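What follows is a single structure, written as structure tokens, with notes after it.
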Amino acid sequence: MSQLKFLLEESRMPKDWYNIIPDLPFSLPPVIHPATLQPVNPGDLAPIFPMELIKQEVSQERYIEIPPEVRNIYKLWRPTPLYRAVNLEKYLDTPAHIYYKYEGVSPPGSHKPNTAVAQAFYNKLEGVKRLTTETGAGQWGSALSMACNFFKLECKVYMVKVSYYQKPYRRSLMEVWGAKVVPSPSPDTEAGRKILEQDPESPGSLGIAISEAVEDALKREDTKYSLGSVLNHVLLHQTIIGEEAILQMEMAGEFPDVVIGCVGGGSNFAGISFPFVREKFKGKKIRIVAVEPESCPSLTKGVYTYDFGDVAKMTPLLKMYTLGHNFIPPSIHAGGLRYHGMAPLVSALYNHGYIEAVAYPQTKVFEAGVIFARTEGIVPAPESSHAIRAVIDEALDAKEKGERRVILFNLSGHGFFDLSAYDQYLSGKLEDYFYPKDKVEEALKDLPKV
Ligand SMILES: *Cc1c(COP(=O)(O)O)cnc(C)c1O
């Protein structure tokens with residue numbers, strides 16, 4: 001009988017996050033100030049982020065200690081389990097061994113509190129009273145709401161309008177943890193009002209919601225802004241996933257040949273994969289695959305260049321794979337994957353050939369999610385189902401070639417708040433939105449000239 005679960009004792013929970021920056025075999029392009037076109041100074045970011053997070057953003061330390069206050073909250077759900085997906089393997093009749101790290105056991109149901117708790121902690125430490133943020137599908141907003149609640153900070157969430165109405169229970173969850181939630185674009189900010197004037201029916205986008213949350217933070221002395229993905233410090237906080245997974249794969253007596261994660265802004269993918277990229281830098285043979293939606297394909301169809309992180313051009317310029325900051329992705333159900341850009345660290349690794357990327361349309365993704373639910377029991381988030389789609393295709397490829405491939409993926413969250421999307425899939429009403437070539441070409445015309 002195969003062992004299904006590999007559980008780490010709390011005492012073995014990693015004490016450090018892994019910072020990949022000093023190990024990169026190339027130099028990371030700097031973050032650029034949009035006005036001066038010079039690299040930003042740490043001080044430029046001080047109005048929106050606490051100093052400790054700014055330091056982490058550019059740190060050259062390979063390991064950064066997780067503060068005991070953060071570890072204490074992590075312990076509510078960490079270490080998360082590593083499972084071997086034996087039933088899925090049987091269903092696929094594959095010689096591959098499939099393992100998954102399950103981040104859906106956190107209270108809000110995804111990997112996002114790994115960084116939310118850390119960010120709330122550092123803000124509290126520096127005397128901040130209130131945090132603003134954006135949220136797509138609501139996972140980030142709920143993670144930050146919970147974290148703010150633990151550290152007694154106020155929290156205001158600008159929620160992408162299409163998700164606000166598609167996922168009403170996510171809003172309820174944020175409100176249970178004490179946050180204030182508004183649909184974005186909202187009349188509460190200049191950025192929101194401007195979009196509403198142009199298009200009162202705007203479904204919103206992460207880029208718009210970021211503009212609103214940043215503007216709000218800039219306007220108030222007691223307030224800072226918090227971002228749930230993309231930036232180096234966010235990816236750093238997520239590496240506890242991969243560090244735990246390395247220990248758990250040791251317990252299983254295997255090492256992955258392939259590591260797979262879905263990518264929106266890149267944080268859960270970085271979380272599971274960067275500790276394995278470190279092993280790859282040291283010479284281990286391992287493939288690392290990022291999976292994105294065909295309707296928002298920043299890595300597979302985007303351009304590697306400097307772009308804004310938001311529509312209102314309030315953020316610094318980041319060198320990343322981008323579809324253009326004005327690109328508003330179709331309203332797919334994997335709301336967490338609707339971002340025009342990709343984390344600079346993930347982008348650079350892709351550009352230098354250390355990781356691969358694939359894209360799938362949403363019906364193929366939901367098909368994979370349902371197969372997973374019917375074999376492994378867990379109903380996956382639509383975002384995570386992108387990874388599952390790629391895992392199934394890897395396992396079938398291994399079967400065709402007769403290889404005993406070891407596959408590890410990050411099951412970044414559960415899908416209990418996405419059941420209306422599953423409803424649509426099961427009743428045959430889910431549409432595919434293929435690559436919106438014209439809209440992307442249009443948006444790419446507005447790239448900043450650097
Ligand atoms: C937010 C989210 C994602 C996408 O964001 P990343 O920063 O790319 O990880 C993926 N899965 C789940 C469950 C999410 O909540």
Side-chain angles (χ1 to χ4, degrees), residues 80 100-116 119 133-146 157 159-160 163 167 170 173-174 206 209-210 226-242 259-274 289-293 296-299 309 320-321 329 332-347 349-350 355 357 359-360 362 365 369 372 378-390 409-418 421:
T80 60
Y100 62 96
K101 186 75 170 142
Y102 185 38
E103 290 294 307
V105 294
S106 79
S110 80
H111 65 290
K112 294 211 169 72
N114 297 331
T115 185
Q119 294 190 42
T133 197
E134 74 290 336
T135 196
Q139 284 111 329
W140 168 242
S142 47
L144 193 70
S145 302
M146 180 190 79
V157 182
M159 184 171 189
V160 176
S163 301
K167 304 192 174 174
R170 281 272 167 203
L173 187 60
M174 291 184 259
L206 275 177
I210 292 174
S226 178
L227 188 62
S229 189
V230 180
L231 297 181
N232 302 347
H233 68 265
V234 179
L235 275 49
L236 169 80
H237 301 152
Q238 293 296 351
T239 56
I240 190 166
I241 302 172
V259 176
I260 297 175
C262 66
V263 283
S267 74
N268 89 86
F269 169 76
I272 187 112
S273 71
F274 282 6
V289 184
V291 191
E292 61 186 10
C296 191
S298 46
L299 284 176
M320 59 182 176
Y321 281 87
I332 53 166
H333 286 280
L337 307 187
R338 291 178 74 242
Y339 183 62
H340 68 271
M342 183 53 60
L345 277 169
V346 173
S347 294
L349 287 166
Y350 182 64
I355 63 175
Y360 288 107
Q362 68 176 352
V365 164
F372 192 83
I378 296 171
V379 178
E383 290 85 354
S384 319
S385 297
H386 285 73
I388 297 171
R389 178 76 256 171
F409 78 97
N410 196 21
L411 184 56
S412 51
H414 66 61
F416 292 165
F417 289 98
D418 303 282

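As the structure lists them, so they are numbered: ligands from 1, and atoms in each ligand from 1. Keep in mind that the numbers below use all heavy atoms, side chains included, and drop hydrogens, waters and symmetry copies. Being a predicted model, the structure only gives us computed values, none of them experimental.
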Name the closest protein heavy atom to [atom], giving the residue it belongs to and the distance to 0.1 Å.
| atom | result |
| --- | --- |
| atom 4 (C) of ligand 1 | Gly336 O, 3.3 Å |
| atom 12 (C) of ligand 1 | Ser412 OG, 3.4 Å |
| atom 8 (O) of ligand 1 | Gly264 N, 2.7 Å |
| atom 3 (C) of ligand 1 | Lys112 NZ, 3.5 Å |

Side-chain H-bond candidate by donor/acceptor type, [X] with [Y], under 3.5 Å:
| X | Y | answer |
| --- | --- | --- |
| Ser267 | His111 | yes |
| Gln119 | Ser226 | yes |
| Glu383 | Asn268 | no |
| Trp140 | Ser229 | no |

So, applying side-chain contact (heavy atoms from CB on, under 4.5 Å) with [X], which one of [options] is it?
| X | options | value |
| --- | --- | --- |
| Ser412 | Ser385, Pro380, Ser384 | Ser384 |
| Ile355 | Leu349, Val259, Val289 | Leu349 |
| Val291 | Val263, Leu337, Ile260 | Ile260 |

Should you measure from each heavy atom of [X], which atoms of ligand 1 turn up under 4.0 Å away?
| X | value |
| --- | --- |
| Glu383 | 10 (C), 11 (N), 12 (C) |
| Gly413 | 13 (C) |
| Ser229 | 6 (P), 7 (O) |
| Leu337 | 4 (C) |
| Ser110 | 13 (C), 15 (O) |
| Asn268 | 6 (P), 8 (O), 9 (O), 10 (C) |
| Val263 | 8 (O) |
| Cys262 | 10 (C), 11 (N) |

(request) Would you please determine whether Gln238 falls within less than 4.0 Å of ligand 1 on a heavy-atom basis? (result) no

(message) Taking the side chain as everything from C-beta on, heavy atoms only, tell me whether Met174 gets closer than 4.5 Å to Met146.
(response) no

(message) Could you tell me if the side chain of Pro344 sits less than 4.5 Å from the side chain of Val230, heavy atoms only?
(response) yes

